[in-house]
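Okay, so here's the structure we're looking at.
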Amino acid sequence: QVQVVESGGGSVQPGGSLTLSCTATVRTKSRYAMGWFRQAPGKEREFVAGIDWSAQFTHYADSAKGRFAISRDNNSTMYLFMNDLKSDDTAVYHCGLGFDYARTYRTLSSPENYFYWGQGTQVTVSS
């Protein structure tokens, strides 16, 4: 059974930074795209950033471009470096593992291409 665990959330002031981590227990020969999605109270889950299995392709939501950066160490560990945080970034951030063919914006941003999810980590941006 694959387990996905996010960490690194917390409370920061506007303009602050946080780094989220995602660790998954997977078979070493498996290949997964990975992505970050977030869900604010009363809103639907939305795409933040995604990275393909080889780490060659990354895509970001417009709201994240220029402020967030996604990276991965290997097949099971991923990060989201978040800078210049805004109150609109307040949400629960979820990590997902997806199909190895996902590498375009369309495929990485679609929740239907992910089949393992973590419980999420809370990010609160407030003064």
Subject >> Tyr101-Phe47 co-clustered via ILVMFWY side chain contacts under 4.5 Å >> reply: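 The answer is no; the residues belong to distinct hydrophobic clusters.
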Original post:
Cluster question for you: counting only ILVMFWY and a side-chain heavy-atom cut-off of under 4.5 Å, with indirect links fine, are Tyr93 and Tyr116 together?
Top reply: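 Yes.
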Original post:
Can you list every pair that meets salt bridge (charged side-chain N to carboxylate O under 4.0 Å, His left out) and has a residue in residues 98-112, with sequence neighbours left out?
Top reply: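 Passing the test, one end in residues 98-112: Arg31-Asp100.
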**OP:** Scan for salt bridge (charged side-chain N to carboxylate O under 4.0 Å, His left out) pairs involving residues 74-97, sequence neighbours excluded, and state none if there are none.
**Re:**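 Only Arg38-Asp89, Arg67-Asp89, Asp84-Lys86 qualify under salt bridge (charged side-chain N to carboxylate O under 4.0 Å, His left out).
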**OP:** Would you please test Phe37 and Trp117 for ring-ring contact (aromatic ring centres under 6.0 Å, His included) and show each step?
**Re:** CA-CA 10 Å; Phe37 289 72; Trp117 294 95; 5.2 Å; yes
If you compare all heavy atoms of [X] against all heavy atoms of [Y], which two are closest, and at what distance to 0.1 Å?
| X | Y | answer |
| --- | --- | --- |
| Ala55 | Arg72 | CB-CG, 3.9 Å |
| Thr107 | Asn113 | O-ND2, 2.8 Å |
| Ala40 | Ala91 | N-CB, 3.8 Å |
| Val123 | Gly9 | CG2-CA, 4.2 Å |
| Phe99 | Ala33 | O-CB, 3.4 Å |
| Tyr32 | Ser30 | CE1-CB, 3.4 Å |

Original post:
Out of Leu97, Val26, Thr25, which residue meets the side-chain contact (heavy atoms from CB on, under 4.5 Å) rule with Val4?
Top reply: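 With Val4 as partner, Leu97, Val26, Thr25 yield a single side-chain contact (heavy atoms from CB on, under 4.5 Å), made by Leu97.
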Original post:
Considering residues at least two apart in sequence or located in another chain, which fulfil the salt bridge (Lys or Arg N to Asp or Glu O under 4.0 Å) criterion with Lys65?
Top reply: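 With sequence neighbours excluded, Lys65 shows a salt bridge (Lys or Arg N to Asp or Glu O under 4.0 Å) to Asp62, given in chain and number order.
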**OP:** Any chance you could lay out the side chain to side chain contact (heavy atoms under 4.5 Å, CB included) test for Leu18 and Phe68, step after step, and finish with the verdict?
**Re:** CA-CA 10 Å; Leu18 282 174; Phe68 296 1; over 6 Å; no
**OP:** Name all residues meeting the ring-ring contact (aromatic ring centres under 6.0 Å, His included) criterion together with Trp53; count only those two or more places apart in sequence or in a different chain, and write none if there are none.
**Re:**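 None.
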Subject >> Residues in ring-ring contact (aromatic ring centres under 6.0 Å, His included) contact with Tyr60, at least two apart in sequence or another chain >> reply: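 Not a single residue meets the ring-ring contact (aromatic ring centres under 6.0 Å, His included) criterion with Tyr60.
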Is a side-chain donor or acceptor of [X] paired with a backbone partner of [Y] at a separation under 3.5 angstrom?
| X | Y | answer |
| --- | --- | --- |
| Glu6 | Cys95 | yes |
| Tyr114 | Leu108 | yes |
| Thr77 | Thr23 | no |
| Thr90 | Ser87 | yes |

Please report the interatomic distance [atom1]([X]) to [atom2]([Y]), rounded to the nearest 0.5 Å.
| X | Y | atom1 | atom2 | result |
| --- | --- | --- | --- | --- |
| Tyr79 | Met34 | OH | CE | 10.0 Å |
| Ile51 | His59 | CD1 | NE2 | 10.5 Å |
| Ile70 | Phe81 | CD1 | CZ | 10.0 Å |
| Trp36 | Leu20 | CH2 | CG | 4.5 Å |

Original post:
Has Gln119 got more than 12 heavy atoms of other residues, nucleotides or ligands less than 6.0 Å from its CD?
Top reply: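 No, not enclosed.
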**OP:** For Ser21, check side-chain hydrogen bond (donor to acceptor under 3.5 Å, both in side chains) against everything at least two apart and list the hits.
**Re:**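 Per chain and number, Ser21 pairs via side-chain hydrogen bond (donor to acceptor under 3.5 Å, both in side chains) with no residue.
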Original post:
Would Ser7 and Thr121 satisfy side chain to side chain contact (heavy atoms under 4.5 Å, CB included), going step by step from the backbone distance to the final call?
Top reply: CA-CA 6 Å; Ser7 61; Thr121 184; 5.7 Å; no
**OP:** Check step by step if side chain to side chain contact (heavy atoms under 4.5 Å, CB included) holds for Met82 and Val12.
**Re:** CA-CA 11 Å; Met82 304 188 295; Val12 296; over 6 Å; no
